[in-house]
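The next block holds one structure in the form of structure tokens; read it before the comments.
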Protein chains: 2
Amino acid sequence: MKIDIASFNEALNNSKTVILACSCTVRYSGRAESFLDEGDRIIIAKSDGTLLVHQPTGSTPVNYMKNASHQLTLQDGKLTLSSRSLADKEYLDIAISKVHYYNFSELADSQSIQLVGSERDMSDMIYSNPSLIAPDFRPLSREEHTKYGFIDVFGYDKNNTLVIIECKRYVADLKAVDQLMRYIKKIKQLKGLKQVRGIIASPKISPNALQMLLDHKLEWKKVSPPKYMERYDNDQKKLGEY
Amino acid sequence: MKIDIASFNEALNNSKTVILACSCTVRYSGRAESFLDEGDRIIIAKSDGTLLVHQPTGSTPVNYMKNASHQLTLQDGKLTLSSRSLADKEYLDIAISKVHYYNFSELADSQSIQLVGSERDMSDMIYSNPSLIAPDFRPLSREEHTKYGFIDVFGYDKNNTLVIIECKRYVADLKAVDQLMRYIKKIKQLKGLKQVRGIIASPKISPNALQMLLDHKLEWKKVSPPKYMERYDNDQKKLGEY
DNA sequence: GGGGAGAGATGCCGC
DNA sequence: GCGGCATTTCTCCCC
């Protein structure tokens, strides 16, 4: 397929979203260096300077650029799409041997995604329902970004011992234990406390992480992140059943 | 633009890569729940069951599916692209109000990317050039996946003290120190050693991470990941200058 | 802009 | 399959 270089570049420079399917090689230089030999790819160029190179399989782009400007050139019969981010010192060059098809249009989207079920939702839930941790647990605050560190929830147990809770939305791993231990060490140091309880709240925990927790006399409490929309949908279904 | 539902579904079911630009809403339910209100998006459906929903800005897909099967349906005048991954219990529905354009074709790509400058390349470099760490450093092995943990490089210094090196390709942070400390603790325990040196090798380190390192009598050595291709290019340029 | 941490993280490798 | 970990991580939030 023939490509109209002038109109293609005009689209790139006029806030259009450009799609190009082609056979090409890709060379990248920036934070690392990469080369991708000849093959068919889908290329997306967005108005914000994003450029994505997708192979026919896989969910992540094989190459990409951010905050870059792109230009299509034809020199000595070689068609090249170049992307440059001078600020980040990143360079990407696509040598195109065959254009399968391309398209572009002005796209408008002012919406942002609403998502439920994050770790933040989990700590909110625990704060509102402290009995999920223990019957006598009293959450004190949810100061994520304070001088004490970015702690998900902390409070006191029935013996007035300070409790630090680290939430994980899926499997808690060794890194989660590292994190909890680091927070506990810092809090002990800052508040001059001898004893602080540490709890990981997650639906699952890896065996090694659990072992490490127990080795350091820390605790695990099984808690799952909330999914309000799902509950809403289920409620709606139930209503419909009547 | 009108869409040919039968041929669209045939493309989805016959290993084609499908591109669709449209105005739509997106609902997802699976590991979490999400909703995205009306706006223009680019949708990519790959032959391996990947589905990506891209907004006109941003480098990451706003929604996505993996290992799913997709189907376009028209019911009561409502055009819907549904993606299902029964194995993962994930569901994504795109309600399409307007089709801007679409395209599909059989894409062939047997290449995989060659990348230089990773953490692995860095540990290889240190293993080959131990003087990057210290004049008398003797690397012993690069057993990344052993019972001792996934240690990048370890060896002995001039006093025959065991040295563990953790490489980071960019800024070493608190998590990197956590990791190094965990490895050291484990090695001390397994080998019954009293003293083990721990070194983070990275081009940069965050102030707090450096503080934490020094607090625990660990060390930082400034090392940058190699970029062979860049060097090759520079050599070529230099050659051209003569 | 840098630091810290989550993510529907993803992808890779090893067991 | 799970576990551990890097990633051109990306993204958000706060200082």
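Order of the sequence lines fixes the chain letters, A, B, ..., with proteins taken first and strands second; residue numbering starts at 1 for each chain.
- Atom C1' of D:dC5 sits at a distance of 15 Å from the matching atom of C:dA7, rounded to the whole Å.
- Rounded to whole angstrom, the span from the NZ atom of A:K46 across to the C1' atom of D:dC10 amounts to 13 Å.
- Atom CD1 of A:I19 is separated from atom NZ of A:K46 by 9.0 Å, given to the nearest 0.5 angstrom.
- Counting to the nearest Å, the C1' atom of D:dT11 and the CZ atom of A:R120 are 16 Å from each other.
- Taking side-chain N and O atoms only, A:R31 has a distance below 4.0 Å to OP1 or OP2 of D:dC10.
- With rounding to the nearest 0.5 Å, the separation of OG in A:S85 from CG in A:L92 is 11.0 Å.
- Scanning for side chain to side chain donor-acceptor pair (under 3.5 Å) contacts around B:E219 gives B:R197, with sequence neighbours left out.
- In this entry the distance linking CG of A:L115 with C1' of D:dC12 reads 13 Å, nearest Å.
- A heavy atom lying under 4.0 Å from DNA chain C marks the following residues of residues 197-207 of chain B, by number: B:S206, B:P207.
- For the pair B:Q179 and D:dA6, the criterion of a side-chain N or O lying under 4.0 Å from OP1 or OP2 is met.
- One finds the OG1 atom of B:T73 at 8.0 Å from the CG atom of B:L81 (value rounded to the nearest 0.5 Å).
- Using a 4.5 Å heavy-atom threshold, the side chains of B:T57 and A:S47 count as touching.
- Scanning for side chain to side chain donor-acceptor pair (under 3.5 Å) contacts around A:T17 gives an empty result, with sequence neighbours left out.
- Here the side chains of B:L72 and B:I96 are in contact, with some heavy-atom distance below 4.5 Å.
- In summary, contact between chain A and DNA chain C, defined as any nucleotide atom under 4.0 Å from a heavy atom of the protein, begins and ends at C:dG4 to C:dG11 in the 5' to 3' direction.
- Contacts of B:Y183 with the nucleic acid, taken as non-hydrogen atoms under 4.0 Å apart, involve only primed sugar atoms and P, OP1 or OP2.
- Comparing C:dG14 with D:dT8, their C1' atoms are spaced 25 Å from each other, to the whole Å.
- Separation of atoms CD1 (A:I133) and CD1 (A:I126) is listed at 4.0 Å; rounding is to 0.5 Å.
- DNA chain C is contacted by A:E166, A:K168, A:R169 of residues 166-177 of chain A, taking any non-hydrogen atom closer than 4.0 Å.
- In this structure the side chain of A:Y91 never reaches within 4.5 angstrom of the side chain of A:R27, judged on heavy atoms.
- In this structure, B:F150 atom CZ and D:dA6 atom C1' are separated by 12 Å, rounded to whole Å.
- Side-chain contact check for A:R41 versus A:I94: every heavy-atom pair is 4.5 Å or farther apart.
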I'd like a table of donor-acceptor pairs (distance under 3.5 Å, sequence neighbours excluded) in which one partner is a side-chain atom from residues 172-182 of chain A, with atom names and distances.
| residue | atom | partner | partner atom | Å |
| --- | --- | --- | --- | --- |
| A:D173 | OD1 | A:K175 | N | 3.3 |
| A:D173 | OD1 | A:A176 | N | 3.2 |
| A:D173 | OD2 | A:K175 | NZ | 3.4 |
| A:D178 | OD1 | B:R182 | NE | 3.1 |
| A:D178 | OD2 | B:R182 | NE | 3.0 |
| A:D178 | OD2 | B:R182 | NH2 | 3.0 |
| A:Q179 | OE1 | A:K168 | NZ | 3.2 |
| A:Q179 | NE2 | A:Y183 | OH | 3.1 |
| A:R182 | NE | B:D178 | OD1 | 3.1 |
| A:R182 | NE | B:D178 | OD2 | 3.0 |
| A:R182 | NH2 | B:D178 | OD2 | 2.9 |

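- No side-chain heavy atom of A:Y64 sits less than 4.5 Å from a side-chain heavy atom of A:L51.
- In this entry the distance linking CG of A:D48 with C1' of D:dC10 reads 13 Å, nearest Å.
- Within the 4.5 Å cutoff, the side chain of A:V223 has heavy atoms near those of the A:M125 side chain.
- Residues from residues 54-71 of chain B placing a heavy atom under 4.0 Å of any atom in DNA chain D, listed by number, are B:S59, B:T60.
- Contacts of A:D40 classified as side chain to side chain donor-acceptor pair (under 3.5 Å), with partners at least two apart in sequence or in another chain: A:H100.
- In this structure, the side chains of A:R84 and A:D93 come closer than 4.5 Å at one or more pairs of heavy atoms.
- Rounded to whole Å, the P atom of D:dT11 lies 15 Å from the corresponding atom of C:dG11.
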Validation: residues 206-213 of chain B side-chain donor-acceptor distances under 3.5 Å, sequence neighbours left out:
| residue | atom | partner | partner atom | Å |
| --- | --- | --- | --- | --- |
| B:S206 | OG | B:A209 | N | 3.2 |
| B:Q211 | NE2 | B:D215 | OD1 | 3.0 |

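- Going from atom CD of A:E119 over to atom P of D:dC12 covers 17 Å, rounded to whole Å.
- Atoms CD1 and CD, from A:I151 and A:E166 in turn, are 9.0 Å apart once rounded to the nearest 0.5 Å.
- For the strand DNA chain C, secondary-structure stems (runs of at least three Watson-Crick or G-U pairs, all distances below 3.5 Å) span C:1-7 with D:9-15, C:9-15 with D:1-7.
- Note on residues 47-68 of chain B: no pairs pass salt bridge (charged side-chain N to carboxylate O under 4.0 Å, His left out), not counting sequence neighbours.
- Residues A:F137 and A:I165 have side chains in contact (heavy-atom distance under 4.5 Å, counting atoms from C-beta outward).
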Show the distances under 3.5 angstrom between N or O atoms of the protein and N or O atoms of nucleotides 13-15 of chain D.
none

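- With the nearest nucleotide of DNA chain D identified for both A:A209 and A:E90, A:A209 has the one nearer the 5' end.
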